[in-house]
Amino acid sequence: MTDRVVVLLDMDCFYVQVEERDNPHIKGVPAAVVQYNSWKGGGIIAVNYEARAFGVKRGMRGDEARGKCPDLQLVQVPVNRGKADLTKYRDAGKEVIKVLCEFSDCVERASIDEAYIELTQTVEDRIKKKNGTHIATDMLKSSWVVGYDKTKDGDQQGVREKGVHEWLNSVFENGEDAALPLDSNHPQWDNVRLAYAALICEDMRAAVLAQTGFKCSAGITHNKMLSKLACGLHKPNQQTVLPQDEVSQLWDGLPVGKVRHLGGKLGDSLTEEMGCNTMGDLAKLSLQQLIGRYDNKTA
DNA sequence: CATGGGGTATTC
DNA sequence: GAATACCC
């Protein structure tokens with residue numbers, strides 16, 4: 001089903017970014033947010049990328065993290081009535097949602113720091129308005145395209161740019177502006193829409209940064225499941241397009257537990273009882289086979 | 001005691 | 001409304 005265009009936008013180490021905005025002191029240096037601190041330095045619930053380079057992880061105790069990174073800045077979650085109070089992060093999340101609503105009237109808040117944005121209509125409007133223009137490689141400054149992103153370490157930016165260029169050429173066919181006007185008769189209509197969605201998403205993330213000061217990553221595909229997956233492929237402060245024609249290759253190497261909702265008991269059951277190690281294995285099963293083991297809806 | 005507070009969705 | 005599953 002490739003009818004819609006959907007973006008998942010995920011804030012990078014959000015709680016730390018909120019604290020960095022409040023206190024520029026901790027910007028550019030290793031930092032983490034902890035809740036409570038009396039027992040072993042508190043539990044870490046967010047880590048910035050500077051601190052991740054030292055091996056600091058979510059779930060670690062503050063003391064343990066200081067062992068790995070002596071200069072780590074630890075910021076405590078405010079406490080209210082004896083409990084960790086996440087209100088300030090929740091409010092900051094609302095600021096982001098407000099910006100996203102400028103780009104679509106269908107925005108789903110999925111958590112404090114994530115939202116799904118239905119861009120189908122926005123993309124269609126943009127294509128109609130911008131018809132006759134094309135998308136140049138340098139308009140997609142922070143975009144990656146799955147299947148065109150093979151990096152052999154070094155020159156990351158060069159690999160990214162080359163991949164985007166090749167993909168745009170294949171989608172728009174020699175010269176990036178052939179086969180106009182663009183409409184649903186275009187032989188690569190779904191990819192044309194993803195390309196415009198990537199362009200809009202670059203603008204959307206720039207607007208989030210300009211209006212809130214926060215950076216984020218995004219996934220751009222035809223549904224929520226794939227956009228969530230794509231978002232995680234290039235972080236932080238980047239975005240990833242996953243064209244539908246690349247999905248089966250991606251699935252062949254992807255453990256089922258990496259997909260949203262399959263990270264728990266259902267995923268384990270698929271692996272142990274149905275023999276599915278990867279999403280590729282799962283895709284080979286028929287609906288009938290799944291109905292034999294799970295209830296209708298789950299199947 | 002020792003990740004935990006909080007969200008959605010489903011089922012009974 | 002409680003219990004369960006899954007998520008960040």
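Keep in mind that the numbers below use all heavy atoms, side chains included, and drop hydrogens, waters and symmetry copies. We name chains A, B, ... by the order of the sequence lines, and we start the count at 1 in each one.
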Pair A:Phe14 + A:Phe214: ring centers closer than 6.0 Å: yes
Over 12 non-hydrogen atoms of neighbours within 6.0 angstrom of CG in A:Asp105: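 No.
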Side chains of [X] and [Y]: does their closest heavy-atom pair fall under 4.5 Å?
| X | Y | value |
| --- | --- | --- |
| A:Pro236 | A:Lys215 | no |
| A:Val7 | A:Ser227 | no |
| A:Tyr148 | A:Val241 | no |

Kindly state which residues belonging to residues 264-272 of chain A come within less than 4.0 angstrom of DNA chain C, counting heavy atoms of the residue only, listed by number. A:Gly264, A:Lys265, A:Leu266
Under a 4.0 Å heavy-atom cutoff, the residues of residues 285-299 of chain A touching DNA chain C are none
When you check the gap from the basic side-chain N to the acidic O, do A:Arg21 and A:Glu95 get nearer than 4.0 Å? yes
Heavy atoms under 4.0 Å, any strand shown: does [X] hit a base, just sugar-phosphate, or nothing?
| X | value |
| --- | --- |
| A:Asp113 | sugar-phosphate |
| A:Arg109 | nothing |
| A:Leu262 | sugar-phosphate |
| A:Lys57 | nothing |

For [X] and [N], give me the distance from atom [atom1] to atom [atom2], rounded to whole Å.
| X | N | atom1 | atom2 | result |
| --- | --- | --- | --- | --- |
| A:Arg61 | B:dT3 | CZ | P | 6 Å |
| A:Gln76 | B:dG4 | CD | C1' | 15 Å |
| A:Lys88 | B:dG6 | NZ | P | 16 Å |
| A:Tyr116 | B:dG7 | OH | C1' | 13 Å |
| A:Glu64 | B:dT3 | CD | C1' | 12 Å |
| A:Arg58 | B:dG4 | CZ | C1' | 10 Å |
| A:Asn37 | B:dG4 | CG | C1' | 15 Å |
| A:His261 | B:dG7 | NE2 | C1' | 12 Å |

Return yes if some donor-acceptor pair links the side-chain N/O of A:Ser217 with the main-chain N/O of A:Asp10 below 3.5 Å, else return no.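 Judged by distance alone, no pair lies under 3.5 Å.
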Which pair of non-hydrogen atoms, one from A:Val123 and one from A:Val5, has the smallest distance, and what is that distance? CG2-CG1, 4.4 Å
Please find the pair of heavy atoms, one from A:Gln289 and one from A:Met274, that lie closest to each other, and give the distance. O-CE, 3.6 Å
Under a single-linkage definition using a 4.5 Å side-chain heavy-atom cutoff for Ile, Leu, Val, Met, Phe, Trp and Tyr, are A:Leu226 and A:Val192 assigned to the same hydrophobic cluster?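 Unlinked, A:Leu226 and A:Val192 end up in two clusters.
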Starting from A:Val107, can I reach A:Tyr116 by hopping between I/L/V/M/F/W/Y residues whose side chains sit under 4.5 Å apart?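 No, A:Tyr116 and A:Val107 fall in different hydrophobic clusters.
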Using the heavy-atom set of chain A and a strict 4.0 Å cut-off, write down the first and last nucleotide of DNA chain C that makes it in, 5' to 3'. C:dA5 to C:dC8
Roughly how far apart, to the nearest Å, are C:dC8 and B:dA2 at atom P? 24 Å
From the set B:dT3, B:dA2, B:dG6, return the single nucleotide nearest to any side-chain atom of A:Arg90. B:dG6
Taking OP1 and OP2 of B:dG5, is either one under 4.0 Å from a side-chain nitrogen or oxygen of A:Tyr36?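 For A:Tyr36, the contact criterion (side-chain N or O under 4.0 Å from OP1 or OP2 of B:dG5) is met.
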Measure from NZ or CZ of A:Arg52 to the centre of the six-membered ring of A:Tyr49 and say whether it is under 6.0 Å with the direction within 45° of the ring axis.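 Positive - A:Arg52 is close enough to the ring of A:Tyr49 and near enough to its axis.
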